[in-house]
Amino acid sequence: MKAKRLLALVLSCCLCSSASAALAAPKNTDTQQFHRVFDAATVSRYSHFTDKTYVLPSGYTIYDGIDVSSKDGTIHWNAAAKDGIAFALIQVGNRGVKSGDLFQDEMYTAYMDGAAAADIPVGVTFSSQALDTAEAEEEARFVLEHVKRDNVQLPIVMNYAYYDGSGRLEQANLSQSQKTANVLAFCGIIRDAGYQPMLCASRDFLTNDIYTEQIKQDGVQIGVAHYTTQTSCTGYTCWQYTGSGRVNGVPSDVSCNFYLTTGDLIPKHTVCGFQDVLSSDWFAPAVSFVFRNNLMNGNSPTQFAPHAALTRAMVAQVLYNFSGRPAVTQAASFSDVSADQWFAKAVAWAQQNDIMSGYPNGTFGAYTPITRQDFAAVLYRYSNKRQLDTSARDNLHQYQDASAVSSYAQDAMQWAVASNIISGKTATQLAPRDSATRAECAQMLKNYLTGVASSLLS
């Protein structure tokens, strides 16, 4: 978990996903409670992204983050992480402020992949111009469609804002009740899909244009955009305190945020819809990566089975899919692989390309768990087939069981360790002949395709 991260504009919640009637106005004291100077204990927090010190409520762990969209250009995410960025809020899309059409942010995929490779947790934002609950629900469904293959570990944020006095939201002149209903509609769908919703808005919007306390009471986290060193807002989870921070790895001024929590930055929730993969699991980023890139699916829509063994047939299918499922001219010659089996073409392709072979008895062993050394050997042969550099070697002297590596897998294991594709189960045990779990294989595939084989993803 890198140093600090946040959500930029935030605030969102979920109560009723189809509210169309005007909501009752909360008591006048609600606004007063939200818009007041902290009367609780405060702490000072210095930000080297602005060289200023900020006043925040005490009793929280505070993380630093950035809020980005395509306007921020090409981001070097590893540099941002080293500079202290612990999280990012990445814009997935927006509704046109004049046209009302929905657009995906052109940098969304690149940003999500870059943040994942740098192990920076992410939330996503959508810039709304919803005029009614139907549009708000449409926006939420748009977001869910675009994030379904991503590892969204932080909230999905509805950014709700006016636009220079001329946007469709300003021109509609909606009541506070209608705007509140729109937020609740968006957030309700997000919550029902298993994500934490948030609303992001300016201090003035939260104070004067929407019933903030009503939204908070529905479990919506609050994000406030207020460019000052001591905001008069209270009750927020995220504070976007500048739009002109300077962060290493980001080529231009960028929005910076503080994220406040009394627990972990990343709440424990499921990843990619798999109930057996939590965001806190060491293999969660790898599972998200292989799922997002269509390399591995679950054993069912809700179970990834991370601790189950990966079979030889599954490995053949993974690489066959990644290679674009090329035409196969002849069937596999193995006695245990018939043409009507789901993996038949993948095994035939792997055999014909010298990527995988069978056993001396003429079988392929489709349901046999693949060993760690065999998985390395398969990736080694595949790399040679794709004309990648496989010259790196590690003598494996740090592992007490290095002698257990079979002769046919020596080059492959030395290359895989040297290339940071595989590491020991412990500091001294490589366990080359142990079965490789689905989680381990997911991690090895992620290491491989974001490292020595990164060119294959482009």
Side-chain angles (χ1 to χ4, degrees), residues 113-114 116-117 283 285-287 289-296 309-329 332 343 345-359 364-366 368-396 398-399 402 404-425 430-458:
D113 289 345
F283 47 80
V287 170
F289 176 86
V290 297
F291 184 73
R292 188 172 70 245
N293 287 285
N294 297 313
L295 296 169
M296 295 175 67
L310 193 71
T311 66
R312 287 168 52 80
M314 291 175 181
V315 173
Q317 192 67 51
V318 164
L319 293 179
Y320 182 59
N321 291 346
F322 181 71
S323 300
R325 300 173 65 89
V328 177
T329 57
F343 50 79
K345 288 184 178 180
V347 171
W349 167 83
Q351 181 186 23
Q352 292 163 24
N353 285 278
D354 298 321
I355 294 169
M356 297 182 75
S357 58
Y359 295 103
F364 179 72
T368 301
I370 196 165
T371 63
R372 287 161 56 84
Q373 66 177 4
D374 280 358
F375 193 77
V378 168
L379 292 181
Y380 181 71
R381 295 181 198 128
Y382 183 75
S383 297
N384 285 328
K385 187 69 178 179
R386 300 298 296 266
Q387 298 182 325
L388 299 177
D389 183 4
T390 57
S391 61
R393 293 291 185 274
D394 185 297
N395 63 17
L396 311 182
Q398 68 270 40
Y399 298 111
V405 177
S406 300
S407 59
Y408 69 84
Q410 281 287 338
D411 284 344
M413 285 295 280
Q414 290 177 0
W415 163 77
V417 171
S419 301
N420 297 314
I421 297 168
I422 189 171
S423 59
K425 281 197 166 182
L430 189 56
R433 302 192 185 195
D434 282 8
S435 296
T437 67
R438 287 170 54 82
E440 288 174 335
C441 289
Q443 185 65 59
M444 285 187 271
L445 283 168
K446 178 177 182 289
N447 295 345
Y448 175 65
L449 290 169
T450 57
V452 297
S454 59
S455 62
L456 301 182
L457 279 178
S458 58

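Computed from a prediction, not measured in an experiment: that's the story for all the values here.
- Interatomic distance, CZ of Phe289 versus CG of Leu295, reported as 6.0 Å (0.5 Å rounding).
- Atom CG in Leu456 sits 11.5 Å away from atom CG in Asn293 (nearest 0.5 Å).
- The two residues Phe364 and Ala313 make their nearest non-hydrogen contact at CE2-N, 4.1 Å.
- The minimum heavy-atom distance between Ala436 and Cys441, with the atom names listed, is CB-SG, 3.5 Å.
- Without hydrogens or angle criteria, Arg312 side chain to Thr371 main chain gives no donor-acceptor distance under 3.5 Å.
- Side-chain atoms of Ser454 come within 3.5 Å of backbone N or O of Gly451 as a donor-acceptor pair.
- Of the possible polar contacts, one joining the Thr311 side chain to the Met314 backbone as a donor-acceptor pair under 3.5 Å is found.
- Here the rule is side-chain contact (heavy atoms from CB on, under 4.5 Å) with Val405, and of Asp411, Val417, Leu430 only Leu430 fits it.
- In this structure, Arg381 has no side chain to side chain donor-acceptor pair (under 3.5 Å) partners at least two apart in sequence or on a different chain.
- No more than 12 heavy-atom neighbours from other residues, nucleotides or ligands sit within 6.0 angstrom of NZ on Lys345.
- With sequence neighbours left out, Arg325 forms a side chain to side chain contact (heavy atoms under 4.5 Å, CB included) with Gln317, Tyr320, Asn321.
- A salt bridge is absent between Asp374 and Arg433; no separation between the charged side-chain nitrogens and carboxylate oxygens falls under 4.0 Å.
- Using a distance-only test at 3.5 Å, with no hydrogens or angles considered, a donor-acceptor pair links the side chain of Asp389 to the main chain of Ser391.
- The distance from atom CD1 of Ile422 to atom CG of Asn447, rounded to the nearest 0.5 Å, is 9.5 Å.
- Screening Arg372, Met413, Lys425 for a side-chain contact (heavy atoms from CB on, under 4.5 Å) involving Pro432 leaves a single residue, Met413.
- From Gln352, atom CD reaches atom OG1 of Thr329 across 4.5 Å, with rounding to the nearest 0.5 Å.
- The distance from the OH atom of Tyr380 to the CD1 atom of Ile421 is 11.5 Å, given to the nearest 0.5 Å.
- Once rounded to the nearest 0.5 Å, the distance linking CD of Gln443 with OG1 of Thr437 reads 10.0 Å.
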